[in-house]
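Only one structure is covered here, and it is reproduced in the block below.
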Amino acid sequence: MKARRFGTLAWLCAVSAFGCAPSMEPPTKIQTLRILGVQKDKPYALPGDEVRLTMLWHDGSIPVAQDMGNGDGDDGGNGGDGSGNGGDGGGGRQREVRIGWLGGCFNPPGDTYSGCYQQFAAALAANGAQTIVEGTPLSLPSGSKFTLQIPPDAALHPSQDPKLPRYGLSYVFFALCAGKIVAGDEHFPIHCHDAYERELGPDDFVFGYSSIYFFAPQADGSPRYSNANPVNDGLLFGPDQVTEKGATCSGDECLGKCDDTGCVNAPAPEVNCTATPTLCMSPCADDGDPTKCPPHDLRLDIDPTTFEKDQVTNDAYGRDYGEQMWIDYYATAGKFHSATKLLNDATTGYNRVNGTQYYAPRTPGPVRLWVVTHDNRGGVSWVGTTLKIQ
Amino acid sequence: MSEPRPATKEAVRGREGARTRTPLWMKRGGIRREGWMDSRLGAVAGVGVLAAGIVFGSARVARAQDGSVPRGNSGAVIKPPAEEPPAPKPVIKDPVLLDFVNATYPPEAIKEGLEATVVLKITIDREGHVTKVEIPAPVGHGFDEAARAAALQFRFEPATRDGKAIPAIVRYPYHFTLTPVEAAPPPPPTTGILSGRLRLAETDAPLVGEPVMLVGPDGSARQVTTDQDGRWHVENLPPGSYHVKIVVQGFEDIDSVEEVAAGEETAVTLRMRPQTEGIEVIVGGERPAREVTRRTVERREIERIPGTNGDALRSLQSLPGVGRPPGLAGLLIVRGSAPQDSVTFVDGTGVPLIYHFLGLTSVLPTELLDRIDFYPGNFSARFGRAMGGVVDVGLRSPNTQCVQDNGKPDPRKHNCFHGLLQADFIDARVMLEGPLPIKGWSFLAAGRKSLINSWLKPALEATGASVTTAPVYYDYQLIAEHKTEHARTSLRFYGSDDRVAFIINDPFVQDPALGGSLRYGTSFYRAQLFYQTDLSSKATLTANLSAGKDAINFSVGNVRFDIKTVPIDWRYELGYTFTKGVKLSSGLDFELAPFDVQVRAPDPPRPGEPDPGPYAARPPREVHTKGMGFRPAWYGEFELEPIDRLRLVPGLRADFARDTGHGELAPRISGRYDFVKGSDAEHPHRRRTTLKGGAGVYYQPPQFQETDAIFGTPGLYSNRALHYSVGVEQELTRHVDLSLEGFYKNLTDLVARGVNDQGAYTYNNLGTGYVIGGETLIRYKPDEHFFGWIAYTLSRSVRRDGPDLPRYLFQYDQTHNLTVLGSYRLGRGWEFGARFSLVSGPLDTPTLMQSYPGALPALYASDAGTYAKLDGTPFSRRLPLTHTLDIRIDKHWQVKKVRISTYLDVKNVYNHASVEGFTYNYNFSQTGYQKGVPIIPSLGFRMEI
């Protein structure tokens, strides 16, 4: 790697930081069908383990007020026309989305997800499906959760770097589709069709992957390397620890509701402005403009002593690296000062400036908000809440 | 008594041959016949001899009166016997020789080296005339006749008896004697010779084909023209003071008074300085090139090209064949090659970086550069390890020329100091140069520090970054030099240092791994010994030894890259001219570099491989390698001129790379033919037409990461390129040149990435490609008012990653590239310049969705919480044309010896936002243009003495 390449990289960082790019909708704004995070209960696994994957998603095309109608357990029916349009604003059923999971790819060539294509093609051929006609509905495991079984005899292979331990790698693919998940073509293996067999695009169809590393256990069968998902004590909105007041969700509490026909957004609880006044705020006529709207401080309540070390790297190279951790902020309306904040740097440690500011939208009504924490070893966790703009 | 007549001036050749002395030979007691005598001294001596002879003769006569036969030089006198009885004795007086006549020495006797004495019996009448000469005993060999002929012309004072004149007969020995006679000296010279050499100041390069006017003391004028070595020679000049006048546009006039003395040669060396602001110029393009094309940018052009802020290396981006880099990036894209395919040297020593970070300015300030030679392709065998282009920068010598009060150089005075101070929005620099206390040595010391912290730091902090180390760069140069007419020894120490560190509190949305602590630093220094000498009139030596240190470190978050090397470069070239038109240059080019590399990063994506996703989703690998890089090379190159107009340069280069374990042989040849020769004294209006062409093999070793065991694939071979070019250069006028050149590069064994048998992506040498194009350059060479050029390049650059894979346009393909620039001196210290460029937009790879509507543009990489772009057809989408207009306005004042300048350099004056690339939203479903830098004004101040 010549210095010029890294110099160019640094230059690009600087140039992009100067804001020469056009302003587009920020990633923080959830107005389409979005996946906010996929959590593995075991970011590092052992051969023979079951790894449970949980998807946090949200259909931003549905007004939040409709999500509040989901709180009474009404998780069936069909709302909308399946084309991504919202429902009737209350009481009616949202459009349903479908989630499909595709596991079974182990140790692809080059450790790249694209290396799984060959395995899947081979698996299909082994099942007699030499060719699949484009548009054919696919029957895939569904729901917000998926369990991957790592075979006990799953191969562990040496790293190209002999200092690193032997490892195995599995990719799990998933699709989130506001319609039917169907077979694709040679350019893309899976498509999403609406009720009229029209192909849905990136606003209504998300396809992705998650990687699971597994290592040999210690002699006593316990994991050699620990790797937990990030932990936190909840959300601080302004001075309020709103989690302690029951105004947030985390983990499965934030998940959407699924049945055999499909999934809908997770229910949105009512906001108690007396108990959690900071979750209630006035709208801003400038619609979340950071330069004109009043800021509302927001950050995770987190204990940096819970942060983990990158044990694999440290054992292999004799370093003292921590995990690189960052926070993504999302909301269905309004804006944030920063979409992503550094929480912990691998070398310099905890970054105290990890919160952000929220700016209220112009339109009154409920706003759903999530704070998703990542680490660079596959760990994910989230906290969600609802704001009331009034 | 008359003096003996002097002998004739005809030299008498004796045994010893002719000499240039004027001897006078005398013998005791008389006159001896001399070979010749023609000096007044000899005549005076002859009078003395005669007088002595008279005295002695008289004495002998006196003795003879007592009956003895007188002898001696005055001759013997035979007295008749007395017949009468002793009577009172009569008083008899002997005859006295009054007029002696030199006889002609017989040539035959001279030839044979003979001498003789001829005894003459001379009869003298009463008047003293010789009436008869007899030779009782002839000696032959012509002596008798010669003596008789001379004696017949003798004149005596007659003998007397008792006072009465009487006839007499005397015996006279006439001596013929040879003496070592000096040859007659040549006539004293009446004319002299005036010769000289005309050179460029500081670089000492000859100025060829320039007129030299000589105006003599009588006002007459004569003009000669300098030859290939810048020499001129005029003979047969009457002695006196001559004005040597040389007028070359763009240079200070020379009017030097030289004295010509008869019989002597006066040789002068005159050095021309440009009509600039007292700053030295770089070499012009008249020196015969060893390459097909060498583009040389002169100092005045470098400092005045708008939009470059006077940066030397940025001026290259205005030349044909050089692509436009994105934004402010200091990348050199040459004839469709990647930036890493071109190399930059400083007097033959490679440097790791040529620009400070952000590409704002190059690491060597323009003031230190003597020249920049740019070879877009088909370069000489002395350069290797690259298949793109070569930039060879030369550092200048310290300037010790004194200046007059009007700021113009004073050719008669040296050993003066100079200083420079300059500041603008980007950096500030100082420089001092002058003589050292050691005779013949001079020095230059310069330094520069960035001022960007004043605006870059707030800009970074505005983005949410916490700056821990303010961005700063330094560069420094120290030169000590000794120059003679035949040798140049230069000791240099130079280097640069860039660093910045900040905390990215808001990581890059599309890859959160690019967040956190960012640290960037580069530093290098070189200690260099540069030596050039004329070993003889036929042999030259150029040697360059340098050692230094490179340190490059970059880290962001969990990714780091640290490299330290101690490069030792040694270049050595010996040139020998066997005969006119045959010269061999042979050299060594060694690179030795111990290195220590630490890299921690995921495998970076490479062309042909699907994007493996964000760094944040991929665990990094780490490698720590120490080793010794060793890349020796040898080259040999002939410069042949079989006829006057044709120049062929065949060469061969042999390279070896220890890191790959492979060696290569690279033959090359270039040629230039002057279809029409340029102007000379006889044809002052003739314009040169030169046809040129070349072909050659060029190798470039793989990059470090491509052969690394962890990140790459060991065992790769070097990339290979065949360069072909053909063109014509036409002088349209004395100042305007036209150059047309077509080029083709065939690329093979390119390091590419493909799928191996196990389905994994590895490096291989299966990549191929080609570059084809044409360059046009119309250039107005700098004169006292104006310089400028129009450069246009049309090209196509194509690659293929494997034999079964489709071709695609290369990332750096730029179909059209037009630059029009000019700078004009308005007078009164004002100068205005403008540069317009029009370039094809860069290529971009669209998303898969943009290529195939049914597909998604990206996948959600859940471990990163962001999206991984799915690429469509590589580099299949071109951004819009870019066009910019840059202007520059300079004003300088000359206050006695101090020159003060201010300038305004405005890049993108009409604020056209060029499209540098595409930008995407978080899931790559929306596209927007990444706009380039807006209008950038830069105001500077400069003071020189």
Side-chain angles (χ1 to χ4, degrees), chain A residues 1-4 6-8 10-11 13-15 17-18 20-22 24-25 27 35 37-38 109-110 112-115 118 160-161 184-185 187-188 191 199 201-203 205-211 316-317 321 324 326 328 338-342 345-348 351 353 372 374 376 378 380, chain B residues 327 329 339-340 352-353 357-359 459-460 463-464 503-509 512-517 520 522 552 554 557-558 561 599 610 612-613 616 621-623 703 705 710 758-761 848 852 854-857 859-863 865 919 921-923 925-926 928-931:
Chain A
M1 287 152 220
K2 285 246 173 174
R4 288 182 191 171
F6 278 83
T8 302
W11 171 81
C13 288
V15 170
F18 291 162
C20 292
M24 299 181 188
E25 280 300 324
I35 298 176
V38 176
T112 59
Y113 69 84
S114 56
Q118 294 175 328
Q160 229 172 321
D161 184 349
D185 54 23
H187 300 299
F188 201 79
H191 287 180
E199 291 194 17
D203 289 347
F205 174 38
V206 181
F207 189 77
Y209 62 89
S210 180
S211 62
Y317 304 114
Y321 281 2
Q324 190 85 358
W326 61 95
D328 290 326
S338 300
T340 303
K341 294 295 291 188
L342 176 73
D345 183 78
T347 56
T348 59
N351 179 35
V353 190
V372 181
H374 295 267
N376 66 332
V380 181
Chain B
Q340 60 266 27
L353 297 169
F357 59 47
L358 299 183
L460 289 171
T463 67
I503 304 290
I504 303 176
N505 292 313
D506 295 5
F508 192 38
V509 169
L514 300 181
S517 169
Y520 177 76
T522 64
I552 300 169
F554 171 77
N558 204 15
F561 175 84
V599 176
R621 296 187 199 175
E622 188 164 326
V623 61
Q703 306 283 313
Q705 74 280 6
I710 304 297
Q758 289 76 43
Y761 278 86
L848 189 65
Y852 306 103
L856 286 175
L859 298 184
Y860 180 73
S862 67
D863 293 333
T919 186
N921 68 340
Y922 65 94
N923 66 351
S925 63
Q926 297 175 20
Y929 285 147
Q930 177 85 33
K931 296 294 179 70

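Predicted, not measured: the structure shown is a model, and the values here were computed from it. Every chain is numbered from 1 and lettered A, B, ... according to where its sequence line falls, protein lines coming before strand lines.
With a threshold of 4.5 angstrom between heavy atoms, Thr348(A) approaches chain B through side-chain atoms but not through N, CA, C or O. Both the backbone and the side chain of Asn921(B) come within less than 4.5 Å of a heavy atom of chain A. Tyr321(A) touches chain B through its side chain: at least one heavy atom from C-beta onward sits under 4.5 Å away, while N, CA, C and O do not. Only the side chain of Pro857(B) comes within less than 4.5 Å of a heavy atom of chain A; its backbone N, CA, C and O stay farther away. At a 4.5 Å heavy-atom cutoff, the contact between Leu856(B) and chain A is made by backbone and side-chain atoms alike.
The choice from Ser210(A), Pro202(A), Gly208(A) that makes the most heavy-atom pairs within less than 4.5 Å of chain B is Pro202(A). Annotation: maximal heavy-atom pairing with chain B below 4.5 Å, among Gly378(A), Ser211(A), Ala339(A), Gly37(A), occurs at Ser211(A). Ranked by non-hydrogen atom pairs under 4.5 Å with chain B, the options Val372(A), Asp203(A), Ile35(A), Val206(A) are led by Ile35(A).
The minimum heavy-atom distance linking Ser517(B) with Thr347(A) is given by the pair CB-OG1, 4.1 Å. Taking every heavy atom of both residues into account, Gly865(B) and Asp328(A) meet most closely at O-OD2, 4.0 Å. In terms of heavy atoms, Val380(A) sits closest to Ser862(B) at CG2-O, 4.3 Å. Between Gly516(B) and Leu342(A), the closest heavy-atom pair is CA-CD2, 3.1 Å.
Put simply, CD1 on Ile504(B) and CG on Asp345(A) are 9.5 Å apart, with the number rounded to the nearest 0.5 Å. The line from OH of Tyr209(A) to CG of Leu859(B) is 6.5 Å long, rounded to the nearest 0.5 Å.
Using a distance-only test at 3.5 Å, with no hydrogens or angles considered, a donor-acceptor pair links the side chain of Gln324(A) to the main chain of Gly515(B).
Looking only at side-chain heavy atoms (C-beta outward), His374(A) and Asp863(B) stay at 4.5 Å or farther from each other.
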